[in-house]
Amino acid sequence: MMSVTGKAIDFAGKNLVSCGCSSNASFDRYTVRNYAKVNSKGCGRGHGVCKLFCCTRRNTQCRVSSMKTAEPTVNGGSQAIESLTKGSYLKGYSESPISPATFFEVVADDLLTLNKNLQSIVGAENPVLMSAAEQIFSAGGKRMRPALVFLVARATAELFGLKELTVKHRRLAEIIEMIHTASLIHDDVLDESDLRRGKKTVHQIFGTRVAVLAGDFMFAQSSWYLANLENIEVIKLISQVIKDFASGEIKQASSLFDCDVQLEEYLIKSYYKTASLIAASTKGAAIFSGADRSITEKMYEYGRNLGLSFQVVDDILDFTQSAEQLGKPSGNDLAKGNLTAPVIFALEKEPKLRDIIESEFSEVGSLDEAINLVKSCGSIERAQELAREKADLAIQSLQCLPQSVYRLALEDMVAYNLQRIA
């Protein structure tokens, strides 16, 4: 996807110098030198890459030159999108896996600071609530949403002359993670889920009452910190997210076992429950960098389409991965009557599936039969195409950003998501 020529780039994406690679070599995906662990004087550790950045992509020749600005030929766009549309994108990346550590490492120090601040923010008033929150903080989550805040913040900051993240950037990341955590706690209560990422849910350990109160507390705490940011645009943006969560839950609850649900309705619900927060994360980060509206809207579109793509991929994995891989029973959404993209597509091909779903799996073995119908009629492949389409749109939105390791990480996050279903 985002083909990058082999040049060394400083922090601002300028002053390209030779990377020392042979000019005719092909490479497995990319190699990054000093990608994150830069300890040079004057550089921030963990989010450095201040002096030397060497990046080479599959089948991309490494060119040696000295220029003042990054060339538009490495803007991650046209070739990647063409490959993506043709379906060759996943195949190429499946041969060279992307590790999440790659895109998290460039903001590793930011995430460490976030973790420390979260503990003090959440645990300052009530140790029981902290224990409940810590249960989900430690359940294997990757902090994707705050990482997106930091990546977009750093990718946009250089456009507007910021040398370092602002206090508001960091507070926004903390607020986003608190809101996300609160929503997970409440989701598990509503869904009566016993496991999250293979661990017992908060309400299983502490009881439903404490779980609901813990979620409420974190929503309230995040709202208080949000108000203190004193930015009306961001306050409106994040407040809408909390409203969207409730709207998404209501939409889902009112359409259980409804075989007439349309794909557009599914995407709206997915936006409310998943993509709204991600879009707010990326747009809010750009706002605090001082970006103009054209940039902030592009970052919003990036987050929205990345979030939708993530949700579609998760819904595919609900059918293709084992319970051990998922950390919860496979086919769990279908069993509860939540009809996702693979099921919606399957209903167009398999009339029998409607009868099974509308019976709410009353007969022994009917759930397994329904899962097999979904997996065998080509609906998984159609859902994969939907995930690719949303990923395509996300990548296009990044082309307004200058080349940097932070933009590269944002691109890789899109690629990694698709690779989960490769």
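Worth knowing before you read on, the calculation uses all heavy atoms, side chains too, and leaves out hydrogens, waters and symmetry mates.
- Checked for salt-bridge contact, Glu381 and Lys375 miss the test: no charged N lies under 4.0 Å from a carboxylate O.
- Panel note: side chain Glu174, backbone Asn117; no donor-acceptor pair is recorded below 3.5 Å.
- Contact check for Val149 versus Thr282: no side-chain heavy atoms found under the 4.5 Å cut-off.
- Between Tyr272 atom OH and Ile250 atom CD1 the span is 10.0 Å, to the nearest 0.5 Å.
- At least one donor-acceptor pair closer than 3.5 Å links the side chain of Gln262 to the backbone N or O of Asp260.
- Between His186 and Phe245, a ring centre-to-centre spacing not shorter than 6.0 Å is recorded.
- Taking both residues in full, the closest heavy atoms of Ala182 and Met218 are given as CB-CB, 3.8 Å, listed atom of the first, atom of the second, then distance.
- Counting only heavy atoms from C-beta outward, the side chains of Glu265 and Ser255 never approach each other to under 4.5 Å.
- With rounding to the nearest 0.5 Å, the separation of OG1 in Thr102 from CE in Met413 is 10.5 Å.
- From His180, atom NE2 reaches atom OG1 of Thr274 across 9.0 Å, with rounding to the nearest 0.5 Å.
- Tested against Leu347 for a side-chain contact (heavy atoms from CB on, under 4.5 Å), the candidates Leu373, Val261, Ile357 yield a single pass: Ile357.
- Two residues are said to be in side-chain contact when any heavy atoms from C-beta on lie closer than 4.5 Å; Leu393 and Gln396 meet this criterion.
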Step-by-step side-chain contact (heavy atoms from CB on, under 4.5 Å) determination, Leu165 to Asp110: CA-CA 9 Å; Leu165 298 189; Asp110 295 326; 3.9 Å; yes
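- Remark: the backbone N or O of Asn305 is not paired with any side-chain donor or acceptor of Ser309 at under 3.5 angstrom.
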Steps toward side-chain contact (heavy atoms from CB on, under 4.5 Å) verdict (Asn372, Ser376): CA-CA 6 Å; Asn372 289 333; Ser376 64; 5.5 Å; no
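- The side-chain heavy atoms of Tyr266 and Val312, taken from C-beta on, include a pair separated by under 4.5 Å.
- For the pair Leu148/Leu410, a side-chain contact is recorded, criterion being any heavy-atom separation below 4.5 Å from C-beta on.
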Working for salt bridge (Lys or Arg N to Asp or Glu O under 4.0 Å), residues Glu385 and Arg388: CA-CA 5 Å; Glu385 286 302 316; Arg388 290 188 187 101; 2.5 Å; yes
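- A salt bridge is defined here as a Lys NZ or Arg NE, NH1 or NH2 lying under 4.0 Å from an Asp or Glu carboxylate O, and Glu301 with Arg304 meets this definition.
- Side-chain contact check for Ser239 versus Leu226: some heavy-atom pair is nearer than 4.5 Å.
- What you find for Ile268 and Lys251 is that their closest heavy atoms are CG2-CE, 3.7 Å.
- Between the side chains of Lys390 and Asn417, no donor-acceptor pair of N or O atoms lies under 3.5 Å.
- Nearest heavy atoms, Phe104 versus Ala147: CE2-CB, 3.4 Å.
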Give the table of side-chain donor-acceptor pairs shorter than 3.5 Å for residues 284-295, with sequence neighbours excluded, one pair per line with atom names and distance.
from   : atom 1 : to     : atom 2 : distance (Å)
Ser289 : OG     : Ala153 : O      : 3.3
Ser289 : OG     : Thr156 : OG1    : 2.8
Ser289 : OG     : His169 : NE2    : 3.1
Ser289 : OG     : Ala285 : O      : 3.3
Asp292 : OD1    : Ser294 : N      : 3.2
Asp292 : OD1    : Ser294 : OG     : 2.6
Asp292 : OD1    : Ile295 : N      : 3.1

Test side-chain contact (heavy atoms from CB on, under 4.5 Å) applied to Leu401 and Tyr406, step by step: CA-CA 10 Å; Leu401 298 178; Tyr406 308 113; over 6 Å; no
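- The two residues Val189 and Val212 come nearest to each other via the heavy atoms CG1-CG2, 4.2 Å.
- Rounding to the nearest 0.5 angstrom, the gap separating the CD atom in Glu350 from the CZ atom in Phe345 is 15.0 Å.
- Side chains of Met299 and Leu398 form a contact here, defined as non-hydrogen atoms less than 4.5 Å apart.
- Listed by chain and residue number, Gln240, Ser276 satisfy the side-chain hydrogen bond (donor to acceptor under 3.5 Å, both in side chains) test with Asp244 (two or more places apart in sequence, or in another chain).
- Looking at every heavy atom in both residues, Ile371 comes nearest to Gly331 through CD1-CA, 4.0 Å.
- Put simply, the side chain of Leu386 does not reach to within 4.5 Å of the side chain of Arg382, judged on heavy atoms.
- To the nearest 0.5 Å, atoms NZ (Lys168) and CD (Glu230) are separated by 6.5 Å.
- Lys273 and Gln311 share no side-chain donor-acceptor pair at under 3.5 Å.
- For the atom pair CD of Gln384 and OG of Ser379, the computed distance is 10.0 Å after rounding to the nearest 0.5 Å.
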Pair Arg420-Tyr416, side-chain contact (heavy atoms from CB on, under 4.5 Å): steps then yes or no: CA-CA 7 Å; Arg420 295 192 295 153; Tyr416 168 75; 4.2 Å; yes
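- The heavy-atom pair separating Ala280 from Leu237 by the smallest distance is O-CD2, 3.6 Å.
- Counting only distance, with no hydrogens or angles, the side chain of Ser270 and the backbone of Leu308 share no donor-acceptor pair below 3.5 Å.
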